[in-house]
Visitor: 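For reference, the structure I am asking about is given below.
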Amino acid sequence: MNMLITIIVATTLLSGLLMLVSFWLPLISPDYEKLSPYECGFDPIGSARLPFSLRFFLVAILFLLFDLEIALLLPLPWGDQLPSPLLTFAWATAVLLLLTLGLIYEWAQGGLEWAE
């Protein structure tokens, strides 16, 4: 019971200290970037109707697609312990082949070029 009380007191003190530091530290040196409501590089005062680059969205979607591919293929090393490992590897190969063909098509169409 003594150890439990010690842990609770230590975590409470540490949490309080971190909260005090987080309220005190930003007040030291505020500047224009820190006072801005947006940190994404867009001017919050300007017009909201500025066009966005579609290439940015294309790269973002490709990143998400290949990130999802990695997440789907992560359990693949344990696929050889399944009753039919050949079927598992065939599906994984089909997914990789489909994504590779899509990337080659996008590359051939010039969708990954930044400058025209």
Side-chain angles (χ1 to χ4, degrees):
M1 191 67 162
N2 192 15
M3 183 69 142
L4 182 64
I5 292 173
T6 305
I7 291 174
I8 290 173
V9 168
T11 56
T12 305
L13 287 175
L14 184 63
S15 299
L17 179 71
L18 289 174
M19 283 192 299
L20 283 175
V21 168
S22 72
F23 282 119
W24 171 70
L25 200 57
L27 299 177
I28 291 176
S29 62
D31 58 355
Y32 178 72
E33 284 84 15
K34 288 182 182 178
L35 294 175
S36 174
Y38 299 107
E39 296 179 3
C40 60
F42 297 114
D43 185 20
I45 312 276
S47 174
R49 303 285 184 234
L50 293 175
F52 291 108
S53 172
L54 289 178
R55 303 218 185 262
F56 171 77
F57 289 112
L58 176 67
V59 170
I61 288 173
L62 285 174
F63 174 77
L64 289 174
L65 186 74
F66 285 104
D67 199 34
L68 180 65
E69 169 206 355
I70 291 170
L72 288 174
L73 295 178
L74 264 175
L76 193 59
W78 292 277
D80 61 348
Q81 299 173 3
L82 292 174
S84 60
L86 242 46
L87 183 63
T88 303
F89 291 130
W91 279 108
T93 304
V95 167
L96 283 174
L97 184 66
L98 182 67
L99 286 173
T100 305
L101 288 174
L103 181 65
I104 290 171
Y105 175 76
E106 195 68 40
W107 198 339
Q109 294 296 317
L112 300 176
E113 298 294 328
W114 285 103
E116 294 186 25

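Just so you know, these numbers use all the heavy atoms, side chains as well, and skip hydrogens, waters and symmetry mates. Residue numbers start at 1 and run along the sequence shown.
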Visitor: Among residues at least two apart in sequence or on other chains, which ones pass side-chain contact (heavy atoms from CB on, under 4.5 Å) with Ala92?
Guide: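 Partners of Ala92 under the side-chain contact (heavy atoms from CB on, under 4.5 Å) test: Leu73, Leu76.
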Visitor: When rounded to the nearest 0.5 angstrom, what is the spacing between OG1 in Thr100 and CD in Glu69?
Guide: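 Spacing of OG1 (Thr100) from CD (Glu69) equals 7.0 Å.
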Visitor: Could you work out the complete set of other residues in the hydrophobic cluster of Trp91, with links drawn between I, L, V, M, F, W and Y side chains under 4.5 Å apart?
Guide: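 Via sub-4.5 Å side-chain contacts, Trp91 links to Leu87.
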Visitor: Under 4.5 Å between side-chain heavy atoms, chaining through other members, with only Ile, Leu, Val, Met, Phe, Trp and Tyr counted: pull out the rest of the cluster around Leu72, sorted by chain and number.
Guide: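 Answer for Leu72: Leu68.
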Visitor: Which value, rounded to the nearest 0.5 Å, describes the distance between Leu101 atom CG and Leu96 atom CG?
Guide: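 Output value for this atom pair is 11.0 Å.
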Visitor: Starting from Leu18, walk the hydrophobic network (Ile, Leu, Val, Met, Phe, Trp, Tyr; side-chain heavy atoms closer than 4.5 Å) and list everyone else you reach, by chain and number.
Guide: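 For the cluster that includes Leu18, the remaining residues are Leu14.
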Visitor: Name each donor-acceptor pair under 3.5 Å that joins a side chain in residues 6-13 to protein atoms two or more places apart or in another chain, with its distance.
Guide:
| from | atom 1 | to | atom 2 | distance (Å) |
| --- | --- | --- | --- | --- |
| Thr6 | OG1 | Asn2 | O | 2.8 |
| Thr11 | OG1 | Ile7 | O | 3.0 |
| Thr11 | OG1 | Ile8 | O | 3.0 |
| Thr12 | OG1 | Ile8 | O | 2.7 |

Visitor: Checking Leu103 now: which residues fulfil side-chain contact (heavy atoms from CB on, under 4.5 Å) with it, not counting sequence neighbours?
Guide: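 If we apply the side-chain contact (heavy atoms from CB on, under 4.5 Å) test to Leu103, skipping adjacent residues, the hits are Phe66, Leu112.
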Visitor: Quick check: closest heavy atoms across Pro85 and Gly79, and the distance to 0.1 Å?
Guide: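 Pro85 and Gly79 have their closest heavy atoms at CB-O, 3.5 Å.
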